[in-house]
Asker: 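Could you have a look at this structure, given as structure tokens, before my questions?
Basis for what follows: all heavy atoms, side chains included, without hydrogens, waters or symmetry-related copies. Just so it is clear, the structure is predicted and the values come from calculations on it, not from any experiment.
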Amino acid sequence: FLGKVEFNHFRRNIAHEPVVLQVQNGVPEIVLPLEQASKKLIMPIPHPVEEPQIGVLEKGIFIVVVVVVTAGTLIILAALLLVSFYRQRHAEKIESLLTIEPEQLQIINLPVQLGTTWESGKARLRNTLVA
């Protein structure tokens with residue numbers, strides 16, 4: 001408050017005359033009392049500008065929903081691609097560990113046939129004795 005302040009027995013400031021504001025084109029304007037008015041009072045009060053709607057949603061909310069759904073879909077797709085890539089690499093790694101090429105073996109003893117049965121040979125694979 002600028003200026004003098006004086007209260008009556010109802011605790012109201014009687015030193016200033018109250019003003020009435022009206023928002024016109026997004027700007028608050030003094031419309032009453034007429035001596036202090038910066039703009040004329042518009043009666044009836046103008047209706048607010050309605051947001052354009054898409055279906056039952058306002059345009060802004062619709063855009064947010066589309067962005068969230070699109071982002072969620074892309075995140076799920078990226079996760080599925082990562083899982084698929086990981087599984088493929090994991091399967092290749094397991095296969096490479098389980099597949100033994102003859103060149104990887106250092107033969108110690110060859111298998112020997114004892115009558116109708118065979119005795120397994122011995123070899124070394126990556127510093128491990130295998131039969």
Side-chain angles (χ1 to χ4, degrees):
F1 294 106
L2 301 173
K4 185 177 171 188
V5 176
E6 182 182 336
F7 296 100
N8 64 8
H9 64 282
F10 295 113
R11 296 184 182 173
R12 293 194 178 153
N13 187 358
I14 58 173
H16 287 286
E17 187 174 349
V19 295
V20 175
L21 294 174
Q22 186 179 51
V23 178
Q24 296 180 3
N25 296 324
V27 179
E29 301 284 353
I30 298 174
V31 292
L32 291 173
L34 294 176
E35 299 82 32
Q36 297 178 9
S38 60
K39 294 277 183 162
K40 292 179 89 176
L41 177 66
I42 299 175
M43 291 298 287
I45 296 174
H47 295 288
V49 177
E50 291 187 23
E51 288 276 331
Q53 291 192 335
I54 300 172
V56 295
L57 297 176
E58 292 180 5
K59 184 179 178 183
I61 294 174
F62 178 78
I63 291 172
V64 169
V65 168
V66 167
V67 167
V68 168
V69 169
T70 304
T73 303
L74 289 175
I75 288 171
I76 290 171
L77 181 61
L80 289 174
L81 287 172
L82 284 173
V83 167
S84 173
F85 178 73
Y86 173 76
R87 284 187 178 175
Q88 182 180 3
R89 288 197 58 205
H90 187 66
E92 289 171 0
K93 186 175 181 180
I94 295 292
E95 184 178 334
S96 71
L97 291 174
L98 295 177
T99 305
I100 300 172
E101 299 293 331
E103 297 84 32
Q104 296 174 306
L105 293 173
Q106 291 177 339
I107 305 295
I108 298 172
N109 293 331
L110 292 172
V112 179
Q113 186 174 10
L114 300 173
T116 59
T117 63
W118 285 84
E119 180 182 319
S120 66
K122 293 182 183 175
R124 185 176 304 274
L125 174 68
R126 299 185 197 113
N127 293 328
T128 304
L129 190 62
V130 293

Asker: Treating Ile, Leu, Val, Met, Phe, Trp and Tyr as nodes and any side-chain heavy-atom pair under 4.5 angstrom as an edge, say whether F62 and V69 lie in one connected cluster.
Answerer: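 Yes, same cluster.
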
Asker: Quick one: list whatever passes ring-ring contact (aromatic ring centres under 6.0 Å, His included) with Y86, sequence neighbours left out.
Answerer: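 H90.
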
Asker: Apart from L82 itself, what residues make up its hydrophobic cluster, given side-chain heavy atom links below 4.5 Å?
Answerer: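 Via sub-4.5 Å side-chain contacts, L82 links to none.
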
Asker: Under 3.5 Å, which donor-acceptor pairs link side chains of residues 119-126 to any protein atom two or more places apart or in another chain?
Answerer:
none

Asker: Can you list, pair by pair, the side-chain donor-acceptor contacts under 3.5 Å of residues 29-44, counting residues two or more places apart and other chains?
Answerer:
residue	atom	partner	partner atom	Å
E29	OE1	S38	OG	2.7
S38	OG	I30	N	3.3
S38	OG	I30	O	3.4

Asker: So that I can tick it off, tell me whether K93 and E95 are bridged by a salt bridge, with the cut-off set at under 4.0 angstrom between side-chain N and carboxylate O.
Answerer: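 Result for this pair is no, no salt bridge flagged.
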
Asker: Test: side-chain hydrogen bond (donor to acceptor under 3.5 Å, both in side chains). Region: residues 62-84. Which pairs qualify, not counting sequence neighbours?
Answerer: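 Sorted result for residues 62-84: empty, none.
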
Asker: Let me have the donor-acceptor pairs involving side chains of residues 105-117, under 3.5 Å, with sequence neighbours excluded, atom names and distances please.
Answerer:
residue	atom	partner	partner atom	Å
Q113	NE2	G115	O	3.2
T117	OG1	L114	O	3.1

Asker: Mind checking the NE2-CD1 spacing from H9 to I14? Nearest 0.5 Å is all I need.
Answerer: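 Those atoms lie 9.5 Å apart.
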
Asker: Could you see if V64 belongs to whatever hydrophobic cluster contains V66? Use Ile, Leu, Val, Met, Phe, Trp, Tyr and a side-chain cutoff under 4.5 Å.
Answerer: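 Different clusters: V64 never reaches V66 through Ile, Leu, Val, Met, Phe, Trp or Tyr contacts under 4.5 Å.
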
Asker: Is N8 atom CG crowded by more than 12 heavy atoms from other residues, nucleotides or ligands, each under 6.0 Å away?
Answerer: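 Enclosed.
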
